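Letters A, B, ... are given to chains in the order of the sequence lines, protein chains preceding strands, and every chain is numbered from 1. Here the structure is a predicted model, which means the values were calculated and not measured. What's counted below: heavy atoms across the whole structure, side chains too, no hydrogens, waters or symmetry copies.
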Protein chains: 2
Amino acid sequence: MALNDINQTEITRLRVACSNCNLRELCLPVDLTPNEMTRLEELSNQKRSFATGDYLYRSGDRFKSLHAIRSGSFKTRVLHEDGREQVTGFLMAGEIIGLEAISTDAHTCEALAMEDSEVCELPYAKLAELSREIPSLQRHLYKIMSREIVRDQGIMLLLGSMRAEERLAAFLLNMSQRNAIHGMSATQLRLRMSRLEIGSYLGLKLETVSRAFSHFQDEGLIQVKARAVEILALPKLREMVGK
Amino acid sequence: MALNDINQTEITRLRVACSNCNLRELCLPVDLTPNEMTRLEELSNQKRSFATGDYLYRSGDRFKSLHAIRSGSFKTRVLHEDGREQVTGFLMAGEIIGLEAISTDAHTCEALAMEDSEVCELPYAKLAELSREIPSLQRHLYKIMSREIVRDQGIMLLLGSMRAEERLAAFLLNMSQRNAIHGMSATQLRLRMSRLEIGSYLGLKLETVSRAFSHFQDEGLIQVKARAVEILALPKLREMVGK
DNA sequence: CGTTTGACTTGATATATGTCAAAATAGCGC
DNA sequence: GCGCTATTTTGACATATATCAAGTCAAACG
């Protein structure tokens, strides 16, 4: 089960969202020998299901596995002393969750399902051990992690210098590209998160997010119907974030 | 030469700045056997010197080495089409520079000296090869990289939700801790960068940075004399960034 | 159906930051 | 020390976003 449930073509599709609204291919390298691929598949030993609001892990939990999201979606967040929620990420089907904990031995944030979801467990110790034997896997692991650094230098760092509508444009483009990479529409988005969560993620108030959505619609850039968003002018959105 | 010039106690001091204004120990693990340590020292094959404004690398340069900064300091930046400079990081003596390029085979930003500086080259291929033979070194490398992710979730991500003075407080604390970790004063800072560069890094205008400095001084939190900053109330600064 | 509930939108106003301009200060070569 | 220049500080005002407060809408439920 687990990774074995994911067929070869699906494996080549596993991705991680990254960098300045761009997506990059994930971790599971496609240049492995059949034997190596088999060993990688055997590595995953568990599949788990989650309902909306269920925790995949909590802050303080010992870190022992990464997880490949097979279906559904998760958000990661930090809860501040005063109860405020700070959303730190949205993870979609086909993406890898848990990377932020590798350095710490314990999770520093919590992850919970935004809808009914399934994940495959990837025990980190086994992954690291295997990567020692398979140099190309090791290279890939280094790359996934350092891509997160690039992301840092991309979206996150720029967040500080972007205005509200630029942030939302970046967010929508990111969602669009992650959608597309998983074989779904690049223009028809079904957002899984509330305006409040988007705001928390982007460092904006929910009203500001809502106004930005409305303004984009007035400008003919998107069509909004609650959480169903159709992108009408991808190029203009790209222009807004400078690419 | 190179790493051999750095004595044992200095090696244990090499660090990388990270995470939400906290510093973490770096990469060069101290739990190596003498033999392993020797091999690591032999790995570095070159020492280079730089004057103010010299480039350590430019965007597009092929990535082949990390660099340990022996003295001086560097900034990394991205230049936008329109000529605007976006500062993406400040790297101090004792820290490792170049990590952002590991995933790309080419540098995505440029690094230049903010003062006369010296670096030791750490050829990445050799480092990766060595880490395959020394598991504890591999663990360390993974950790350095993923720490950058945590940093993402720390300072960078929070940047979006922090106000100007909170950002500056976070910046000052970061500088203070990096100073302290290298055996220098935690309260007497000699900033190497201009208000413009700080602003670019924090996503603020230079005037806003200046006003924040002035306000902190009025409040008795710091003593400012151009780029010499004395921190008078560390705890209050920590409070401002929520820790 | 009508009611309830939560999410979303919209408006009025306050606050924070950016923008433009000028003055003060520090650094530096002579 | 003097004068030059770049940096920094400060002020007045414009703009963007937050805050507070209603109002709308849609799904869920009696």
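- For the pair A:Arg163 CZ and C:dT17 C1', the interatomic distance rounds to 12 Å; values are reported in whole Å.
- Within the structure, salt bridge (Lys or Arg N to Asp or Glu O under 4.0 Å) contacts touching residues 194-207 of chain B (residues at least two apart or in different chains) are B:Lys75-B:Glu197.
- Counting heavy atoms from C-beta on, the side chains of A:Leu122 and A:Ser65 never come closer than 4.5 Å.
- Under the 30°/60° scheme for interplanar angles, the aromatic rings of B:His107 and B:Tyr57 are found to lie parallel.
- If A:Glu165 and A:Lys225 are placed on DNA chain D by their nearest nucleotide, the residue sitting closer to the 5' end is A:Glu165.
- Here C:dA14 presents its P atom at 19 Å from NZ of A:Lys205, a figure rounded to the nearest Å.
- Interatomic distance, B:Arg192 CZ to B:Met114 CE, rounded to the nearest 0.5 Å: 8.0 Å.
- Atom CE of A:Met162 is separated from atom P of C:dT17 by 18 Å (rounded to the nearest Å).
- Ion pairing between A:Arg163 and A:Glu166 holds under the 4.0 Å rule for side-chain N and carboxylate O.
- Along DNA chain C, the nucleotide nearest to B:Gly203 and the one nearest to A:Val224 differ in position, and the one closer to the 5' end is contacted by A:Val224.
- Using a 4.0 Å cutoff on non-hydrogen atoms, the parts of residues 207-220 of chain A near DNA chain C are A:Glu207, A:Ser210, A:Arg211, A:Ser214, ordered by number.
- No contact: A:Gly199 has no heavy atom under 4.0 Å from any strand.
- Note: CG (A:Leu204) to C1' (C:dA16) measures 14 Å, nearest angstrom.
- Atom pair B:Leu168:CG and C:dT17:P shows a separation of 11 Å (rounding to whole Å applied).
- Taking a 6.0 Å sphere around CZ of A:Arg48, one finds it holds more than 12 heavy atoms contributed by other residues, nucleotides or ligands.
- Between the side chains of B:Ser200 and B:Glu85, not a single donor N or O lies within less than 3.5 Å of an accepting N or O.
- The CZ atom of B:Phe213 lies 10.5 Å from the CZ atom of B:Arg227; values are rounded to the nearest 0.5 Å.
- Atom P of nucleotide C:dG27 and atom CZ of B:Arg195 are separated by 11 Å, given to the nearest angstrom.
- Nearest heavy atoms, B:Ser71 versus B:Ala93: CA-CB, 3.9 Å.
- Bounding nucleotides for the chain A contact on DNA chain D, 5' to 3', at a heavy-atom distance below 4.0 Å, are D:dT17 to D:dC20.
- Among the protein residues, B:Leu206 comes within range of the nucleic acid bases, having at least one heavy atom under 4.0 Å from a base atom.
- Taking 4.0 angstrom as the limit, A:Arg227 places a side-chain polar atom (N or O) nearer than this to OP1 or OP2 of C:dC8.
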